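Just below is one structure, and these are the notes that go with it.
Source: prediction; values computed, not measured. Chain naming here is simple, since letters A, B, ... match the order of the sequence lines and numbering starts at 1 in each.
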Amino acid sequence: MMQHTDNAADAARRLLSWYDRHHRDLPWRISPPMARDGVVADPYHIWLSEVMLQQTTVQAVKPYFHKFLTLWPKVTDLASADTEEVMKAWAGLGYYARARNLKKCAEAVARDHGGVFPDTEEGLKALPGIGDYTAAAVSAIAFNRQSAVLDGNVERVISRLYAIETPLPSAKPEMRALVARMTPADRPGDFAQGMMDLGATICTPKRPACALCPLNADCLALKMADPETFPRKAAKKDKPLRVGAAFVASGPDGAVYLRKRAETGLLGGMTEVPGTAWTSRIDGDNTIEAQPFAAAWEPCGTITHVFTHFELRLSVYRANVAIRDKSGNGWWEPLASLEAQALPTVMKKAIAQAIPHAFKAGTN
DNA sequence: AACGCGGGGAG
DNA sequence: CTCCCAGCGTT
């Protein structure tokens with residue numbers, strides 16, 4: 001008589017075997033041979049990488065990961081760092097609330113946990129910036145706990161493996177349960193990383209390489225339909241256009257007038273050049289009012305930038321002033337140190353439009 | 001449950 | 001162009 005085999009457990013074994021042979025080599029990762037010898041990654045490294053990787057590609061994260069570890073080798077170093085320095089180091093990576101929460105989380109770990117990360121999902125999830133995914137990922141990867149890790153990659157793999165018709169995000173609880181059933185007690189961290197590597201390299205959004213997939217024998221989407229049509233997703237809304245004006249002032253020595261944005265909301269806590277509010281239509285009065293001080297402002301073209309939920313078109317104005325105005329809340333930043341400021345990409349674009357030589361190519 | 005929140009690479 | 005990326009916090 002045929003021995004009954006658990007499909008999920010068998011699939012997990014094949015996934016781990018594939019991971020042993022085809023895993024990616026990443027800066028924060030312990031290689032499978034070492035992991036099997038019981039070597040575990042530094043929770044600080046795993047946490048830092050996971051926060052940076054939220055909605056962000058591996059390639060974009062790598063240089064920032066190295067920069068942060070150089071500046072702040074231990075979580076206690078990050079906890080005692082100046083928040084403004086953290087924002088400067090994060091500039092360009094996006095989703096800046098992550099940087100604010102990163103700092104708060106480091107402070108909480110240092111203050112409330114003696115500088116040691118909690119080793120359970122519940123303990124981790126109580127910290128700022130750590131949600132379902134990151135808590136499970138750190139728990140599994142850094143503490144070898146049997147946590148169900150569900151990110152965008154795993155959602156795609158699971159949705160195809162089980163041909164889940166429920167659209168995202170409604171399908172997440174169902175998917176999480178299936179991942180939990182599949183996650184092995186042995187090497188749960190490598191299993192989680194293997195599922196994510198599979199989603200990133202084989203079970204891709206477009207043209208998945210099903211012939212190379214270790215799970216192709218189990219995949220219902222491959223068997224019944226077109227894997228590429230999974231996961232099902234709710235229709236997304238279109239992006240409105242917003243417009244505004246930005247003012248780039250150069251002092252007699254080339255210094256640029258900057259100011260700080262509000263702590264919360266869009267680009268919260270980051271640095272900017274003065275400008276109008278960003279609205280659905282141009283308001284001439286606003287364009288006058290938003291000037292930080294009286295000067296011979298001259299138009300120098302427009303720049304476009306796409307945010308998550310709207311597209312922005314900024315009219316850029318520049319002025320060369322003989323005397324530094326000191327009446328406002330801003331400051332005059334020397335051209336040489338402009339690159340090191342907490343300037344989001346849209347602001348760098350605006351400054352570069354007014355002062356083409358402001359940023360050297362290849363830096364940062 | 002829906003929305004706000006960056007930036008960049010792949011196809 | 002469109003899609004989507006090791007999602008989280010707020011409402």
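Heavy atoms of A:L267 sit under 4.0 angstrom from primed sugar atoms or phosphate atoms, though from no base atom. Backbone-only engagement by A:K237 is indicated by non-hydrogen atom pairs under 4.0 Å involving sugar-phosphate atoms exclusively. Within 4.0 Å of A:W28, counting heavy atoms only, lies at least one base atom of the nucleic acid. At the heavy-atom level, A:T308 lies under 4.0 Å from base atoms of the strands shown. Across all strands shown, A:L26 has heavy atoms under 4.0 Å from base atoms, whether or not it also approaches the sugar-phosphate.
Going from the P atom of B:dG6 to that of C:dT11 covers 16 Å, rounded to whole Å. Comparing the C1' positions of C:dA6 and B:dC3 gives an interatomic distance of 22 Å, to the nearest angstrom.
Toward the 5′ end of DNA chain B lies the nearest nucleotide of A:G94, the other residue of the pair A:Q59 and A:G94 mapping further downstream.
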What pairs of nitrogen or oxygen atoms, one from the protein and one from nucleotides 7-9 of chain C, lie under 3.5 Å apart?
| unit_1 | atom_1 | unit_2 | atom_2 | d |
| --- | --- | --- | --- | --- |
| C:dG7 | OP1 | A:G152 | N | 3.1 |
| C:dG7 | OP2 | A:Q55 | N | 3.0 |
| C:dG7 | OP2 | A:Q55 | NE2 | 3.4 |
| C:dG7 | O5' | A:Q55 | N | 3.4 |
| C:dC8 | OP1 | A:G131 | N | 2.9 |
| C:dC8 | OP1 | A:T134 | N | 2.9 |
| C:dC8 | OP1 | A:T134 | OG1 | 2.7 |
| C:dC8 | OP2 | A:Y133 | N | 3.3 |
| C:dG9 | OP1 | A:G129 | N | 2.4 |
| C:dG9 | OP1 | A:I130 | N | 3.4 |

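Going from atom CE of A:M347 over to atom P of B:dG6 covers 11 Å, rounded to whole Å. Atom-to-atom, CE of A:M52 to C1' of B:dG7 comes out at 14 Å; the value is rounded to the nearest Å. Between A:M195 atom CE and C:dA6 atom C1' the separation is 13 Å, expressed in whole Å. Regarding A:H305, its NE2 atom lies at a distance of 6 Å from the C1' atom of B:dG6, rounded to whole Å. Atom P of nucleotide B:dC3 and atom NE2 of A:H309 are separated by 12 Å, given to the nearest angstrom. What separates CZ of A:F191 from P of C:dA6 is a distance of 17 Å, to the nearest Å. Between the CZ atom of A:R98 and the C1' atom of C:dC5 there is a distance of 10 Å, rounded to whole Å. What separates CZ of A:R24 from C1' of C:dA6 is a distance of 9 Å, to the nearest Å.
Residue A:I282 belongs to a hydrophobic cluster whose other members are A:L241, A:V243, with links defined by side-chain heavy atoms closer than 4.5 Å. As a member of the Ile/Leu/Val/Met/Phe/Trp/Tyr network built from side-chain separations under 4.5 Å, A:M224 groups with A:L220.
For the pair A:R156 and C:dC5, the criterion of a side-chain N or O lying under 4.0 Å from OP1 or OP2 is met. In terms of phosphate contacts, A:T57 brings no side-chain nitrogen or oxygen within less than 4.0 Å of OP1 or OP2 of B:dG9.
Ionic pairing of A:D10 and A:R13 is present here: one or more N-O contacts between side-chain nitrogen and carboxylate oxygen are shorter than 4.0 angstrom.
For the residue pair A:R98 / A:Q54, no side-chain donor-acceptor distance below 3.5 Å is found, with atom types taken as modelled.
Side-chain contact between A:E339 and A:K348: present, with at least one pair of heavy atoms (C-beta onward) separated by less than 4.5 Å. Between A:Y317 and A:T287, some side-chain heavy-atom pair lies under the 4.5 Å cut-off. With contacts defined as side-chain heavy-atom distances shorter than 4.5 Å, the pair A:M347/A:T271 does not qualify.
Aromatic ring pairs are classed by plane angle as parallel below 30°, tilted from 30° to 60° and perpendicular above 60°; the pair A:Y19 and A:H23 is tilted.
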